[in-house]
Amino acid sequence: MADLEELYREIILDHYRNPRNRGELEPPAVRAEGFNPLCGDEIVLSLLVENGTVADVKIAGSGCSISQSSGSLMSAAIKGKTVEQARGLIATFKQMLSLGDDDAIEEGAEPVPVNLRSLGELAALQGVVKFPVRIKCATLSWNTLAQGLDELAAS
Amino acid sequence: MEGVTEFDLAGIRRDFPLLSEQLHGRRIVYLDSGASALPPHQVVTAMATYQETTHANVHRGVYGTAEEATRLYELARKDVGRFLGSRSGADEVVFTKNCTEAFNLIARSWGRANLRSGDAVVLSEMEHHANIVPWQQLQEMLGFEIRWIGITEERMLDLSNLDELLDGAKLLSITATSNVLGTINPIAHLAERAHAAGALIAVDAAQAVPHAPLDVRALDVDFLAFSPHKMYGPTGIGVLWARAELLRAMPPFLGGGGMIKDVRLDGFVPADGPQRFEAGTPPITEAVGLSAAVHYLEALGMEAVHEHERALTTYALDALESEFGTSVALQGPPDGPERAGVLSLTIDGIHAHDVAQILDTYGVCVRPGHHCAKPLMRRLGVNATARASFGIYNGTDDVDILIEALHATIKMFG
Ligand SMILES: Cc1ncc(COP(=O)(O)O)c(C=O)c1O
């Protein structure tokens, strides 16, 4: 059951039980909603960006330990970061879950190793890789963040 | 548990090869028959034999194997008809892709021909999406009213305002057994009330047909649909049973080959009987498998199946209560004759998805999620449950492992 312990690391259980940055923000914060129809996981992300920096972020919604801890970990990771850094984190996080853009890797080229250190606590979610169905839970908040950032860029 | 021992559980289990497979190094405890029941080797073999010795298209060829394929396909209609107590399977059993398509057929064929704005269709809050969305789609086209039978705190249908809901309604379309709550609804009574109000009744029997004797004439219903893959048959085939006189008056649903009597440049004449609703090459191999599943259940006897699962459900409800008290909540009615072997569990502070994940490491297969019944989940105020559902091959040993695994789950998250 080593895999299961990999999945439910203490950090994940902690963020699930005590989610960080819980709640919602009023406008002008942008709001983005993510939904995982498979299991009913729901993430409501409020994002306040000032001068190209994530000034505040709140997470609401409900769902499984993986989707909710991922949202909590993400909120802690992106707060105070620039939009560019946040986008970089999305890419690195997805890469960790082997969701990199495969087509972008040229044939024969060495895949770029994921810089796990740059992910900090987020690396705790790496155990999800062994549970393919749960990857959607782990990426839900990140896809919602990407959606929020796109909305911001468009407005 | 006399019913269970008489039932030769060990013998039944030997018929299901998948049950001797291992899951994470453990005996597989399959508690997801509500989603799809395992097929016994008799079903698998019947389909393989058909494909190896007979395979041909139906209703066309004149060579021997093609005639045999047609005979077997039409025989499946009769087998299903007999199993359901139909007057004539040949005239009343339509093969679809699944239960969902059967409801789409009722809506698009009967519904479209018979409903208009100002009419009403009555559904219940415990319906599967299969018996909700087709009506909502049709509502968008025709603009009739959809009325909802609510549910009580006991998780049964709230029939207190049924007369009001049925007043002026053209159809009551309702599940026989809830796939989330395990509530068994009083279909014969509902049929009587619907008919008295001048409405027809359509029944979603997906969770009913595999678990207890069912007789469409005794129930006096008008339409009844189910999915053979939930009754130990194959996927890819569904059943719509309808009274012959209703089918005769209904326009075709899907068009193409097989469903016509004649086609000219300026139009077509549809076929008579169930074939009118079976456009294109039908699921022939699957119909052969369905026949085998019917024979398998007939040999066991549906009364015995029902008794076995009833006793097992009582055992499970008692065990869960005495082991966990209120920390594991069951979404469904208390034990009794209206309670099927569907156990929707919620545990405070632990999401159903996590419960199912940990159960999996114990070899226990349950289903987390909303079970395609989102209006019901909203009504219950939960966004997911972990659902264990019983089949003929489950025994008290399965419940015991479920309980062991639930203890481990609570320990891990506690
Ligand atoms: C009550 C009920 N109705 C309808 C269905 C739909 O069955 P299918 O997906 O095979 O069409 C199901 C199965 O999930 C069900 O449980």
Side-chain angles (χ1 to χ4, degrees), chain A residues 1-20 22 33-45 59-73 97 124-141 143-144, chain B residues 22-26 32 35 128-129 132-133 179-180 331 344-387 401 404-414:
Chain A
M1 249 143 272
D3 284 354
L4 198 63
E5 273 148 33
E6 285 270 300
L7 178 65
Y8 294 119
R9 299 237 183 113
E10 205 36 61
I11 299 178
I12 291 177
L13 294 177
D14 175 49
H15 276 262
Y16 179 49
R17 293 188 192 111
N18 313 298
R20 323 292 198 265
R22 191 82 193 153
E33 282 178 36
F35 200 68
N36 177 359
L38 265 161
C39 54
D41 289 337
E42 214 172 345
I43 288 282
V44 181
L45 171 86
I59 306 276
S62 63
C64 70
S65 62
I66 303 302
S67 72
Q68 301 304 303
S69 66
S70 180
S72 172
L73 283 158
L97 300 182
L125 283 160
Q126 202 188 6
V128 174
V129 174
K130 296 219 176 85
F131 299 84
V133 186
R134 304 304 291 278
I135 290 177
K136 275 209 172 92
C137 310
T139 52
L140 177 65
S141 50
N143 289 334
T144 313
Chain B
Q22 297 230 315
L23 190 58
H24 309 301
R26 284 171 158 263
D32 201 18
H128 186 282
H129 296 164
I132 298 178
V133 181
N179 66 317
V180 177
Q331 299 290 342
S344 261
L345 310 172
T346 52
I347 306 178
D348 242 358
I350 315 178
H351 191 273
H353 219 150
D354 294 311
V355 175
Q357 190 83 64
I358 295 170
L359 263 48
D360 165 63
T361 61
Y362 283 77
V364 178
C365 310
V366 301
R367 173 147 307 230
H370 54 63
H371 316 298
C372 297
K374 293 207 76 174
L376 174 62
M377 302 302 274
R378 280 204 189 89
R379 165 69 179 78
L380 298 174
V382 297
N383 71 7
T385 74
R387 182 188 72 182
I401 295 173
E404 179 196 346
L406 285 171
H407 274 303
T409 308
I410 291 170
K411 193 163 156 230
M412 178 146 199
F413 277 83

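Lettering of chains follows the sequences in order, A, B, ..., and the numbering in each one begins at 1.
A/Arg17 contributes a side-chain N or O that, together with a main-chain N or O of B/Phe413, makes up a donor-acceptor pair within less than 3.5 Å. Between the B/Asp354 side chain and the A/Ser65 main chain, a donor and an acceptor come within less than 3.5 Å of each other.
Side chains of A/Leu4 and B/Gln357 form a contact here, defined as non-hydrogen atoms less than 4.5 Å apart. For the pair B/His353 and A/Arg134, the minimum side-chain heavy-atom distance is below 4.5 Å.
For B/Thr385, the side chain to side chain donor-acceptor pair (under 3.5 Å) partners are B/Ser344, B/His371, not counting sequence neighbours. Residues satisfying the side chain to side chain donor-acceptor pair (under 3.5 Å) test with B/Glu404, not counting sequence neighbours, are none.
To the nearest 0.5 Å, atoms OG1 (B/Thr409) and OH (A/Tyr8) are separated by 8.5 Å.
With a threshold of 4.5 angstrom between heavy atoms, B/Met377 does not approach chain A through any atom at all.
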| Pair B/His351-A/Asp41, side chain to side chain contact (heavy atoms under 4.5 Å, CB included): steps then yes or no | CA-CA 10 Å; B/His351 191 273; A/Asp41 289 337; 3.8 Å; yes
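Counted within 6.0 Å of CG on A/Asn18, heavy atoms from surrounding residues, nucleotides or ligands total more than 12; the atom is thus considered enclosed.
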